Trainee: 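Would you mind keeping the following structure in view while I ask a few things?
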Amino acid sequence: MKEEDKNLQSPLRRRFLQGSGALAVGGALPLSLVSANSLAQAGGQPRTLTMLAWYGHAEPDIVAEFEAKHNVKVKPKYYTGGDNMLALISQSPAGTYDLILSDAEYVPQLRKAGYLERLDAKDYAFDDYFPEFQKFPGHWDGNDLYAVMVRFGFLGVAYNTDAVPESKARSFKVYWDPAYKGKVGHFDWYLPNMGEISLYAGHKAPYKLEKEQFAKLQSVMKSLRPQVAGFFDYGGTFSGLKNGQLQLVCGIGDWITGTLARSGAKVSSVVPDEGGLQWTESLSIGKGTRNADLAKAFIQYVTSAQGQVKSAKMAAYPALIPNRKGWELLGQSDPAEARRQGMVLQGHNVMDDIRSGKITFRQLPVQQSIEDWNDFWSEYKEKA
Amino acid sequence: MSSNTSRRRWPLLLPPLLWQLTFFLLPLLFLFVISFWSVVNFRLEPDMTLKNWDFMLSRSSFWSAYSHTWALALGAAVVTTCCSFPAACSLAFTVSERTRKLALMFLVVPFFTSYLVRVYSWQAFLSDNGIVNALLGLFGLDGLPMLNSDFGSLVGYVTLALPLVTLVQTMGFAQIDRNLIEAAHNLRAGPVRTLFEVIIPLAKPSLVVGALFAFILAFGDFVAPTYLGGGAPPTLSNLIIDTTKSGQQWPRAAVVAIMMILTLVLTSLAAVRLAYGRRK
């Protein structure tokens, strides 16, 4: 029996179908044919839409409008990293999460493990997306779609604008500058840090390294270690940049400095000449969901121009958005933020950086295992 | 005590026994069991393999973190004991009963606020542009690097343990028979000799138990080495976080946790022997 068939025959699903007046005569009808609104109106009590996501994606600034419109309560389970997300899904029964927001590099793993429902590309506003993001790598399996890109950002050199001139920050070399010894911090996650230093080491494909390239990356990183003040989580990075203890941070970008800059901190991020990395967040529908209609409606909401503006300005951490119409709306509603993030349709913008080849998508190690990279990261942390 | 009385008291022992069984022994047993499990595709799979033990105990990073954690915890025990000692002595011997009660109450006040918040507030003092270095600057002195160092971690540990250790020491000093101190004075022992030959030997159990508390709290603390120590070099608690964060290697983290528990059990046994062992 196929997995889909099993789900259709599960007791929970049967109960749901029996209990839904709108579907009483058509238990075999696909849920997606029934609009979210009609279901919401059928009962007075708000429905619950579960979402597995990074912090911030189910906060009122993002979901309040959707909740009011669909009489639904978005119930988040926040995670702290892709591995954590995979563990949470793998240890939960199918249908636990209606929506899964993941970093793009984890989508293929989610798909292969059978955790995602297949999506219908016609349901989403891909025509409004910049062409580069319409067929995002890993989101499609042939012509089958499994995730819709929601937002992205660049990782480069984050710096204190009072202490470090932008001209110096435009190269990863600044991390080795003796003037900043003991003032360089690492965001404590091997993937962005090792990716950035891999770019600095001259690897055009920073995550696809031959044995000798991986050895070179390790050697270059070890040479940086004496400069490093420490390894920090989100809170530690935040406070270190804010109180001036850290003047340079490797492994982050505007998603942290942009949030700090809103509160007046003298920090910024730049994509250095050696290139930068792109993090990408995408939404999928969890396998076995009993709220496929609402989940689809939520993805449509967040990827619409209005939803994209909310996402770009998300209180937890700002981001770039892939929807061109979202850019237009942001330019009209908040031109200062559009300029600050480089999402302007006239003049130089972030798409130019992507098109010039400066940006590489962050991904999991290709030739080595996650364990190999993480083991080196532990070793690197150990010795100054 | 008759055997009938003993039998009647058994039901009274049941609640604490059940409590220990449910919330200490069973989780500990589970921790031990999963140290032999495997992780397959980010999922814990029951297994019976020694590979997690072999992997962790053969890593230099584990032993480096182990020795670093041990040294920091020992330093925290010594520093906290020394800092608490004069305060506890004063509270036990020199102030009035009313003042002592008031002071003991204030010693509990730090526990009203989150330890994490207290540690974060230390950043404002210890950062390069912080309050301590600003004060040093007023006297024409160069600033000191304090944050993101072992010194920073120690400050955090002392913040965590000092109130508790002071309380334990004060109670220990308060138990000392004053007649023995007066006898020492009558026999012309000076204050220093009285301190080292009368007070400290009599207060040894409370001094050792206080230091043990400081050691235990520091040995397992994650907050201070992360937010004041900069997470480098890692302590065992940092190592547990690293191990679970990447690859969801809970079995390996269990190995680290069991090694920590074993260390603390052995240290506690040694401390109890030191505190209550007979003099030869």
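Convention: sequence-line order gives letters A, B, ...; per-chain numbering from 1. On a predicted model such as this, the values are computed, not experimentally measured, just so you know.
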Trainee: Provide the closest heavy-atom pair for A:G235 versus B:Y120 in the form atom of the first, atom of the second, distance.
Mentor: C-OH, 3.2 Å
Trainee: Output the distance between atom CZ (A:F232) and atom OG1 (B:T226), rounded to the nearest 0.5 Å.
Mentor: 10.0 Å
Trainee: Can you tell me if B:F151 has over 12 outside heavy atoms packed within less than 6.0 Å of its CZ?
Mentor: no
Trainee: So how far is it from B:Q249 CD to A:N374 CG, rounded to the nearest 0.5 Å?
Mentor: 9.5 Å
Trainee: What part of B:F55 gets within 4.5 angstrom of chain A, counting heavy atoms only: side chain, backbone, both, or neither?
Mentor: side chain
Trainee: At what distance, to the nearest 0.5 angstrom, does OG of B:S60 lie from CD of A:E382?
Mentor: 4.5 Å
Trainee: Within a reach of under 6.0 Å around CZ of B:F111, are more than 12 heavy atoms found that belong to other residues, nucleotides or ligands?
Mentor: yes
Trainee: Output yes when a side-chain donor or acceptor of A:Q245 lies under 3.5 Å from a complementary backbone atom of B:D128, and no otherwise.
Mentor: yes
Trainee: Could you pull out the closest heavy-atom pair between A:G230 and B:A232, with the gap in Å?
Mentor: CA-CB, 4.4 Å
Trainee: Given the options A:Q109, A:E371, A:Q91, A:H186, which has more heavy-atom pairs under 4.5 Å with chain B than any of the others?
Mentor: A:E371
Trainee: May I ask you to name which of A:L191, A:I370, A:N84 has the most heavy-atom pairs under 4.5 Å with chain B?
Mentor: A:N84
Trainee: Would you say A:E379 and B:S61 are linked by a side-chain donor-acceptor pair, where the criterion is simply a distance under 3.5 Å?
Mentor: no
Trainee: Quick one: does A:D188's side chain get under 4.5 Å of B:N238's, heavy atoms only?
Mentor: no
Trainee: Taking atom CH2 of A:W373 as the centre, does the number of heavy atoms from other residues, nucleotides or ligands within less than 6.0 Å exceed 12?
Mentor: yes
Trainee: Can you give me the closest heavy-atom contact between A:S90 and B:R43, atom names plus distance?
Mentor: O-CZ, 2.9 Å
Trainee: Count the heavy-atom pairs under 4.5 Å between each of B:L147, B:V39, B:N129 and chain A, then report the option with the highest count.
Mentor: B:L147
Trainee: Counting only heavy atoms not in A:Y317, do more than 12 sit closer than 6.0 Å to its OH atom?
Mentor: yes
Trainee: Going through the checks in order, is the side chain to side chain contact (heavy atoms under 4.5 Å, CB included) test met by B:D242 and A:Y190?
Mentor: CA-CA 10 Å; B:D242 286 353; A:Y190 72 95; over 6 Å; no
Trainee: Shortest non-hydrogen contact from A:A229 to B:N148?
Mentor: O-CB, 3.6 Å
